[in-house]
There are 2 protein chains.
Amino acid sequence: MTTIKDVAKYAEVSVATVSRVLNDRGYASAEARRRVLDAIEKLNYQPNSVARSLYHKTSGMIGLFMPDITNPFFPELARAVEDVALESGYTVVFCNTDEEEAKEKRYFDALKQKYVDGIILTASSQSASDYAQWDMPIVALDRVIGKHIPTVASDNKNGARQATIHLAERGCSFIAHLKGPAGVRPADDRAAGFEEVIEEKGLRSVVVQTNFSIKQAEKETMKLLADHPDIDGIFAASDVTAAGAMQALAQSGRSVPGDVKVIGFDGIPLCNMLVPSLTTVQQSIYQMGEKAAQLLIQQIEHGESESCEHIFPVSLIIRETT
Amino acid sequence: MTTIKDVAKYAEVSVATVSRVLNDRGYASAEARRRVLDAIEKLNYQPNSVARSLYHKTSGMIGLFMPDITNPFFPELARAVEDVALESGYTVVFCNTDEEEAKEKRYFDALKQKYVDGIILTASSQSASDYAQWDMPIVALDRVIGKHIPTVASDNKNGARQATIHLAERGCSFIAHLKGPAGVRPADDRAAGFEEVIEEKGLRSVVVQTNFSIKQAEKETMKLLADHPDIDGIFAASDVTAAGAMQALAQSGRSVPGDVKVIGFDGIPLCNMLVPSLTTVQQSIYQMGEKAAQLLIQQIEHGESESCEHIFPVSLIIRETT
DNA sequence: CTGAAAGCGCTAACAG
DNA sequence: CTGTTAGCGCTTTCAG
């Protein structure tokens, strides 16, 4: 490995001078600059960022915490974050937390010791207060975790309202909501929006809880259909959950949208692959990821921590299941 | 931030002693050890890994290069890598390369400057020779990139053979293959397996190239069906491609598996969400990711670079499309 | 304009 | 058993 010393020697200047031209800071005669640049070229020198980190206490890395990249909602988010990070010269460290605080904490400690510059957090809201003490630039993505932390999220409640209204307009009078995991903020907001509309319109309804996994959604739906054979609409808290519901519907011999209408939430590519294609509430996934990364980098570089909430609008995409 | 110096002062010993008990290396009296441990506890000290990196020239990080996490084949692979990395105390840096050598190179340089310990590479095979010069522990995942580099991959050719034979046994006599991108090794191997069986059995066939995107697969299939209306079987190079084909089939009013039978490749969760559910050649995705990470870490820690190929068997999963 | 030197936090000889 | 010290590679005062 060639170091700054080698370059200095080759260019016949001091390391200080090399450092100066390297960072374009301070003075350096044209002559010295030329020689240094030449040496760098000749020796194929690349500055060592670990040494830089040690001095500056920054690393050019950001942590990306998500529950599970295997959940089809997250890859696009991750991709967006990575794209803007790369563009700004950051590198992203990838952390699957499985919604476990222990894992989160463990990663956080590890990253902090590496001088990671900031973290994008898609976390469970439970430990909200803790994050404030993390003392590191953070932006919350998809889930709100406290008003003191900048947040990027969708207008989940309104999306749920739109979905429920849509089902009602399509003639559904007994609507089931497959709710997401308890304690996960978006799931709660969607459920709240659902309840609101149900109440406003005086419809019959039933809510069951799922965990966003397709298998469990299928199982729960089977049970639901057994208990309430006259359900004619299902609002699923995610597209994957909706897919599970559709399988149960098919198994129980019901037609979609004939017997039961189904609407999902998220707007992942899966919607278009299903037959019939899935009506859903579309989130601006990529844009949210971008925004979160931009906010974080801005916070890192300019220390702006205006703890704002960026709520992205959501749009109803009507397809065949309704 | 509390440093080793603070701990030393608090414990009334030298930094050397602190370092010794920290790393459990060299001698330290019980008394000294106790005092240091106590100080660490009291001061909530956490060693700074950047400083350690600078000395040891290692970072406890591994790079994960994949074309695009948004392709549903990759999240599970990424997850597996991350799981074993975490378990072994490594942290993974996440790099989407879009199959672009420029991006690969750029990431590689950035990571090298950070003393990244090794790289798991799902790369295009074009630049095979270059990687050897990267001078860093590497393992290739999913794609073979040279015999000097340890590799983890599926038995693509054999899988393709099984798929094609299966189609033939189901009575198909004119089979189309939706081939993956040119120059991507697994795509080529699958095409080769396909051709072999076609030849052996003397079947009619046609091959068209796609890029693993669903939209394009749909378009290509439409064209294909127009040119060859009597196709009765489709072997798609990936499950996503198969999904695209199924959409085209539906659009053109053909029934699956009645008019045309379809088989995919990969075994991603999507298969079970489609209606009819997709017959496919199942890869051991998670296991491959695990294996790759294990090999890499072993190579990093024990310098074993037996450039072996680990080829995972593949299994035919028969579902409704055939 | 330039170089010597201190130091970022930690490790590892090397003398005690 | 323990402390002193010299780096790891880079940046930044601070005297020239």
Side-chain angles (χ1 to χ4, degrees), chain A residues 1-40 43-61 89 109-117 136, chain B residues 1-40 43-61 89 109-117 301:
Chain A
M1 220 202 122
T2 109
T3 76
I4 200 174
K5 239 185 202 162
D6 303 323
V7 176
K9 197 172 302 171
Y10 188 99
E12 300 183 293
V13 298
S14 71
V15 295
T17 300
V18 176
S19 178
R20 280 190 206 102
V21 347
L22 223 48
N23 302 293
D24 231 3
R25 202 189 314 292
Y27 303 95
S29 63
E31 168 61 7
R33 157 170 269 91
R34 203 190 51 64
R35 293 230 300 277
V36 169
L37 260 16
D38 186 59
I40 288 176
L43 301 178
N44 193 242
Y45 167 72
Q46 303 202 295
N48 176 317
S49 37
V50 174
R52 273 188 164 153
S53 279
L54 185 58
Y55 183 90
H56 283 122
K57 300 187 193 310
T58 71
S59 63
M61 303 194 294
D109 288 340
L111 297 197
K112 183 152 199 174
Q113 290 171 218
K114 291 189 194 305
Y115 286 144
V116 162
D117 298 330
M136 152 121 46
Chain B
M1 221 201 124
T2 109
T3 76
I4 199 175
K5 241 186 200 159
D6 303 324
V7 176
K9 197 172 302 172
Y10 188 97
E12 301 183 293
V13 298
S14 72
V15 294
T17 300
V18 177
S19 179
R20 281 192 205 101
V21 346
L22 224 45
N23 301 294
D24 231 1
R25 201 190 314 290
Y27 303 95
S29 65
E31 169 62 9
R33 158 170 270 93
R34 204 190 51 64
R35 292 232 299 275
V36 169
L37 260 18
D38 186 58
I40 288 175
L43 302 178
N44 193 243
Y45 168 72
Q46 302 203 295
N48 177 317
S49 37
V50 174
R52 276 189 163 152
S53 280
L54 185 58
Y55 184 90
H56 281 124
K57 299 189 195 307
T58 71
S59 63
M61 303 193 294
D109 287 340
L111 296 197
K112 185 153 198 174
Q113 291 171 220
K114 292 189 194 302
Y115 286 144
V116 161
D117 298 330
E301 297 180 352

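What you see is a predicted model; the values in this text were computed from it and never measured. By convention in this document, chain letters (A, B, ...) are assigned in the order of the sequence lines, proteins followed by strands, and residues within each chain are numbered from 1.
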**Q** Specify the separation, in whole Å, of atom CE of M1(B) and atom P of dG9(C).
**A**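 Nearest whole value for this atom pair: 6 Å.
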**Q** What is the distance, to the nearest angstrom, from the CZ atom on R52(A) to the P atom on dG9(C)?
**A**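 Interatomic distance, CZ of R52(A) to P of dG9(C): 18 Å.
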**Q** Check salt bridge (charged side-chain N to carboxylate O under 4.0 Å, His left out) between R25(A) and all other residues, then give those that pass, not counting sequence neighbours.
**A**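 In terms of salt bridge (charged side-chain N to carboxylate O under 4.0 Å, His left out), with neighbours along the sequence ignored, R25(A) is linked to no residue.
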**Q** Please give, in whole Å, the distance from dG7(C) C1' to D6(B) CG?
**A**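 Rounding to the nearest Å, CG of D6(B) and C1' of dG7(C) are 15 Å apart.
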**Q** Whole angstroms only, please: what is the CD-P distance between Q113(A) and dG9(C)?
**A**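 Interatomic distance, CD of Q113(A) to P of dG9(C): 14 Å.
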**Q** Would you check if L22(B) and I40(B) make a side-chain contact, meaning some heavy-atom pair closer than 4.5 Å?
**A**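 Yes, side chains in contact.
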**Q** Testing the basics here: between T2(B) and L43(B), what is the closest heavy-atom pair and its distance to 0.1 Å?
**A**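 Heavy atoms of T2(B) and L43(B) come nearest at CG2-O, 3.5 Å.
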**Q** Whole-Å distance between dG3(C) P and Y27(A) OH?
**A**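 Atom OH in Y27(A) sits about 17 Å away from atom P in dG3(C).
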**Q** Grab the CG-C1' distance between L22(B) and dC10(C) for me, whole Å please.
**A**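 Between C1' of dC10(C) and CG of L22(B): 9 Å.
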**Q** With sequence neighbours excluded, tell me which residues meet side-chain hydrogen bond (donor to acceptor under 3.5 Å, both in side chains) with N48(A).
**A**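 N48(A) satisfies side-chain hydrogen bond (donor to acceptor under 3.5 Å, both in side chains) with Y115(B) once adjacent residues are dropped.
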**Q** Indicate whether OP1 or OP2 belonging to dC10(C) is found under 4.0 Å from a side-chain N or O atom of S53(B).
**A**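 No, outside the criterion.
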**Q** Measure the OG-CD distance between S59(B) and Q113(B) for me, rounded to the nearest 0.5 Å.
**A**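 Interatomic distance, S59(B) OG to Q113(B) CD, rounded to 0.5 Å: 12.5 Å.
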**Q** Quick check for you: to the nearest 0.5 Å, what is the distance between K112(A) atom NZ and M1(B) atom CE?
**A**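 With rounding to 0.5 Å, NZ (K112(A)) is 9.0 Å from CE (M1(B)).
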**Q** Between R33(B) and D24(B), what is the shortest heavy-atom contact and its length?
**A**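 Heavy atoms of R33(B) and D24(B) come nearest at NH2-OD1, 2.9 Å.
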**Q** From the 5' end of DNA chain D to its 3' end, which nucleotides mark the outer limits of contact with chain B, defined by a 4.0 Å heavy-atom distance cut-off (strictly under)?
**A**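 Using the under 4.0 Å cut-off, the span is dC1(D) to dG9(D).
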**Q** Report the residues that fulfil side-chain hydrogen bond (donor to acceptor under 3.5 Å, both in side chains) with S19(A), sequence neighbours left out, ordered by chain and then residue number.
**A**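 So S19(A) forms a side-chain hydrogen bond (donor to acceptor under 3.5 Å, both in side chains) with N23(A).
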**Q** What does the list of N/O pairs under 3.5 Å between the protein and nucleotides 12-16 of chain C look like, with a distance for each?
**A**
residue, atom, partner, partner atom, Å
dA12(C), OP2, R25(B), NE, 3.2
dA12(C), O4', Y55(B), OH, 3.1

**Q** Is the number of heavy atoms from other residues, nucleotides or ligands under 6.0 Å of K9(B) NZ greater than 12?
**A**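 12 or below, so no.
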**Q** Hey, does V13(A) reach any base, or is it just sugar-phosphate, or nothing, if we go heavy atoms under 4.0 Å?
**A**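 Contact class for V13(A): sugar-phosphate only.
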**Q** Using C1' atoms of five pairs at each end, report the bend of the helix from dC1(C)-dG16(D) to dG16(C)-dC1(D) rounded to 10 degrees.
**A**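 The end axes of the helix from dC1(C)-dG16(D) to dG16(C)-dC1(D) are about 50° apart, to the nearest 10°.
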**Q** Considering just the side-chain nitrogens and oxygens of K57(A), establish if one lies under 4.0 Å of OP1 or OP2 belonging to dG9(C).
**A**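 It does, given that an N or O in the side chain of K57(A) lies less than 4.0 Å from OP1 or OP2 of dG9(C).
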**Q** Please give me the minimum heavy-atom distance between R35(B) and V13(B), naming the atom from each residue.
**A**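 Looking at all heavy atoms of both residues, the closest pair is NH2-CG1, 4.0 Å.
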**Q** Atom NZ of K5(B) to atom P of dC10(C): distance rounded to whole Å?
**A**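 Answer to the nearest Å: 10 Å.
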**Q** Nearest heavy-atom pair of T17(B) and V36(B): which atoms, and what distance?
**A**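 Taking T17(B) first and V36(B) second, the nearest heavy atoms are CG2-CG2, 4.4 Å.
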